[in-house]
Amino acid sequence: MSPKEISFIEQQIIEWRERINARFDSDFYEYGYDLEEETGYLYWAFKNLYHHIYIYLEAKGAYRFLELFKSSFDEIIKSPEKTLETEEHDGQNFLKRLSDIRLFLSPFMAFDVPLKKEENSEQLQDILKETRLIVKKTNSDVKNEVSVYNAVHWILKLYYPSCRRLNKSRFISQFKNYHPDILIPELNTAIEYKLVRKNENIEKFIDQLKIDATNYKGDNQYEKFIAILCLQGISETSKSIRNSWKSKSFPANWELIIVSL
């Protein structure tokens, strides 16, 4: 098999994993959807994923690894119930076999999770920087922060299946629970939006973000935080805003994105 064909199979494996992840959404449990309606598609998708991995390992000449893969999945893949078995982690439901397959693929650079996560993180920032365009293209009426990040969440969900809004994290202080606007568990990233209107004090909103940065603790799943300052009718320079941000000594895992609406 040629390198081009192997590269094609690698991409197919990545895409089948993403399709399964997208179809199986933990929100089904929260909003009362019947997961059984999805069983047929998910089982068919898993079989396609299994066959692509089988061919890939054979093409790579990883025969002992292929035998281990077959012994681990041959019987499971014959049963929809076993294939679609779920497990709970940190209050969320996941497909156990998808996690098992991720471990099997981890030795191969093409499926390097940290590398892919870094690439996806860069893609995430590119999307967030286009908040103004997203709001415009979705015909969103900017009444408040919610109307902004609702539009962005809808787009992010297409790229990151685990993306969710509000009340899913456990940033708990002594007197209050803190909830970012958008959470992306697969990138271990939390996103906070601030809408700053004309004649409002930008410094006040940066101070609010600093309070968030101080209190977003207690949920180890999230290790990266992105703050988006949306300026509406404000001509303040990006440099002066970033100087203010720098003066507040935000943690190193916090990043600032400035957009104009």
Side-chain angles (χ1 to χ4, degrees), residues 18 21-22 25 27 116-169 171 178-216 219 221-248 250-261:
E18 290 176 349
N21 228 343
D25 191 330
D27 285 345
K116 293 297 177 184
K117 186 177 290 187
E118 183 178 342
E119 292 173 354
N120 282 327
S121 293
E122 292 175 0
Q123 176 182 258
L124 171 62
Q125 292 210 29
D126 289 340
I127 294 172
L128 294 176
K129 290 174 183 177
E130 297 297 334
T131 293
R132 180 177 182 275
L133 180 61
I134 292 171
V135 168
K136 181 180 179 181
K137 292 296 185 181
T138 54
N139 295 316
S140 299
D141 184 11
V142 181
K143 297 179 178 179
N144 48 38
E145 289 166 6
V146 177
S147 57
V148 176
Y149 65 69
N150 275 351
V152 175
H153 171 264
W154 185 83
I155 296 296
L156 291 177
K157 190 76 173 175
L158 301 176
Y159 292 89
Y160 312 103
S162 68
C163 178
R164 57 195 71 251
R165 289 169 296 181
L166 298 176
N167 299 327
K168 294 289 184 178
S169 61
F171 299 115
Y178 291 83
H179 303 292
D181 297 324
I182 299 175
L183 297 166
I184 306 182
E186 63 201 84
L187 297 183
N188 309 113
T189 299
I191 300 167
E192 184 70 31
Y193 268 87
K194 294 294 181 186
L195 175 62
V196 188
R197 298 183 184 276
K198 188 176 182 179
N199 298 325
E200 287 188 309
N201 188 344
I202 297 177
E203 187 96 18
K204 178 185 73 173
F205 290 89
I206 297 176
D207 286 337
Q208 290 174 4
L209 287 168
K210 183 58 190 295
I211 293 173
D212 291 337
T214 302
N215 288 285
Y216 282 179
D219 191 334
Q221 183 173 11
Y222 298 96
E223 57 191 30
K224 184 175 182 179
F225 301 86
I226 302 176
I228 300 97
L229 273 179
C230 298
L231 311 182
Q232 194 173 46
I234 295 176
S235 58
E236 190 68 51
T237 65
S238 174
K239 182 178 180 180
S240 63
I241 295 172
R242 292 192 178 280
N243 285 339
S244 175
W245 172 276
K246 186 176 180 180
S247 72
K248 309 291 182 184
F250 276 80
N253 60 342
W254 275 75
E255 295 187 29
L256 174 64
I257 292 176
I258 304 168
V259 298
S260 296
L261 294 182

A.B. asks: In sequence, state the C-alpha distance, the side-chain angles, and the governing distance for Asp181 and Val148, and then conclude on side chain to side chain contact (heavy atoms under 4.5 Å, CB included).
C.D. replies: CA-CA 10 Å; Asp181 297 324; Val148 176; over 6 Å; no
A.B. asks: So which heavy atom on Arg132 is nearest to which on Leu261, and how close?
C.D. replies: CA-CD2, 3.8 Å
A.B. asks: Grab the two heavy atoms, one from Asn253 and one from Glu223, that are nearest each other, plus how far apart they are.
C.D. replies: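 For Asn253 versus Glu223, the nearest heavy atoms are ND2-O, 3.1 Å.
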A.B. asks: Report the distance from atom NZ of Lys157 to atom CD1 of Ile184, rounding to the nearest 0.5 Å.
C.D. replies: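 Nearest 0.5 Å value for the NZ-CD1 distance: 10.0 Å.
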A.B. asks: Roughly how far, to the nearest 0.5 Å, is CD of Glu255 from CG of Leu124?
C.D. replies: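 Rounded to the nearest 0.5 Å, the CG-CD separation comes to 9.5 Å.
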A.B. asks: Take atom NZ in Lys246; do more than 12 heavy atoms of anything else shown fall under 6.0 Å from it?
C.D. replies: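 Counting neighbours around NZ of Lys246, 12 or fewer heavy atoms of other residues, nucleotides or ligands fall under 6.0 Å, so no.
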A.B. asks: Could you state the interatomic distance from CZ (Arg197) to CD1 (Ile234), rounded to the nearest 0.5 Å?
C.D. replies: 10.0 Å
A.B. asks: Less than 4.5 Å apart, any side-chain heavy atom of Ile191 and any of Tyr149?
C.D. replies: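 Ile191 vs Tyr149: side chains apart.
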A.B. asks: With rounding to the nearest 0.5 Å, note down the distance linking CZ in Phe205 to CD in Gln208.
C.D. replies: 5.5 Å
A.B. asks: Which heavy atom in Pro180 sits nearest to a heavy atom in Glu192, and how many Å separate them?
C.D. replies: CA-OE1, 3.3 Å
A.B. asks: Less than 4.5 Å apart, any side-chain heavy atom of Trp254 and any of Asp212?
C.D. replies: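 A side-chain contact exists here, since the closest heavy-atom pair is under 4.5 Å.
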A.B. asks: Counting only heavy atoms not in Lys136, do more than 12 fall under 6.0 Å of its NZ?
C.D. replies: no
A.B. asks: Could you measure the distance from the NZ atom of Lys248 to the OG1 atom of Thr214? Nearest 0.5 Å is fine.
C.D. replies: 11.5 Å
A.B. asks: Check whether any side-chain heavy atom of Ile241 sits under 4.5 Å from a side-chain heavy atom of Leu256, and report yes or no.
C.D. replies: yes
A.B. asks: Any chance you could lay out the side chain to side chain contact (heavy atoms under 4.5 Å, CB included) test for Leu209 and Phe250, step after step, and finish with the verdict?
C.D. replies: CA-CA 9 Å; Leu209 287 168; Phe250 276 80; 3.9 Å; yes
A.B. asks: How close do Val142 and Ser147 get, heavy atom to heavy atom, and via which atoms?
C.D. replies: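 Minimum heavy-atom contact is CA-OG, 3.5 Å.
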A.B. asks: Is Asp207 reaching over with its side chain to a backbone N or O of Lys210, donor-acceptor style, under 3.5 angstrom?
C.D. replies: no
A.B. asks: Do Ile226 and Gln125 come close enough that some side-chain heavy atom pair is under 4.5 Å?
C.D. replies: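 Yes, close enough: below the 4.5 Å cut-off.
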A.B. asks: Listed by chain and number, what are the side-chain contact (heavy atoms from CB on, under 4.5 Å) partners of Leu133, not counting sequence neighbours?
C.D. replies: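 side-chain contact (heavy atoms from CB on, under 4.5 Å) check on Leu133 returns Glu130, Lys137.
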A.B. asks: Nearest heavy-atom pair of Glu145 and Lys194: which atoms, and what distance?
C.D. replies: OE2-CA, 3.3 Å
A.B. asks: Any heavy-atom pair between the side chains of Leu229 and Trp245 that's under 4.5 Å?
C.D. replies: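 No - every pair of side-chain heavy atoms lies 4.5 Å or more apart.
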A.B. asks: Among Ile182, Leu156, Val259, which one satisfies side chain to side chain contact (heavy atoms under 4.5 Å, CB included) with Leu128?
C.D. replies: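 Of the listed options, the one satisfying the test is Leu156.
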A.B. asks: Verify side chain to side chain contact (heavy atoms under 4.5 Å, CB included) between Ser244 and Ile202, making sure each step is shown before the conclusion.
C.D. replies: CA-CA 9 Å; Ser244 175; Ile202 297 177; over 6 Å; no
A.B. asks: Under 4.5 Å between any side-chain heavy atoms of Glu200 and Leu195, yes or no?
C.D. replies: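 No. Closest side-chain heavy atoms not under 4.5 Å.
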A.B. asks: So do Val152 and Ile228 actually touch side chain to side chain, heavy atoms under 4.5 Å?
C.D. replies: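 When only atoms from C-beta onward are counted, Val152 and Ile228 do not touch, as no gap falls below 4.5 Å.
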A.B. asks: Does one side chain, of Thr189 or Tyr160, offer a donor that lies under 3.5 Å from an acceptor on the other?
C.D. replies: no
A.B. asks: What is the minimum heavy-atom distance between Ala151 and Ser140, and which atoms define it?
C.D. replies: CB-OG, 3.4 Å
A.B. asks: Check the pair Ile257 / Lys129 against side chain to side chain contact (heavy atoms under 4.5 Å, CB included), numbers first and verdict last.
C.D. replies: CA-CA 7 Å; Ile257 292 176; Lys129 290 174 183 177; 3.9 Å; yes
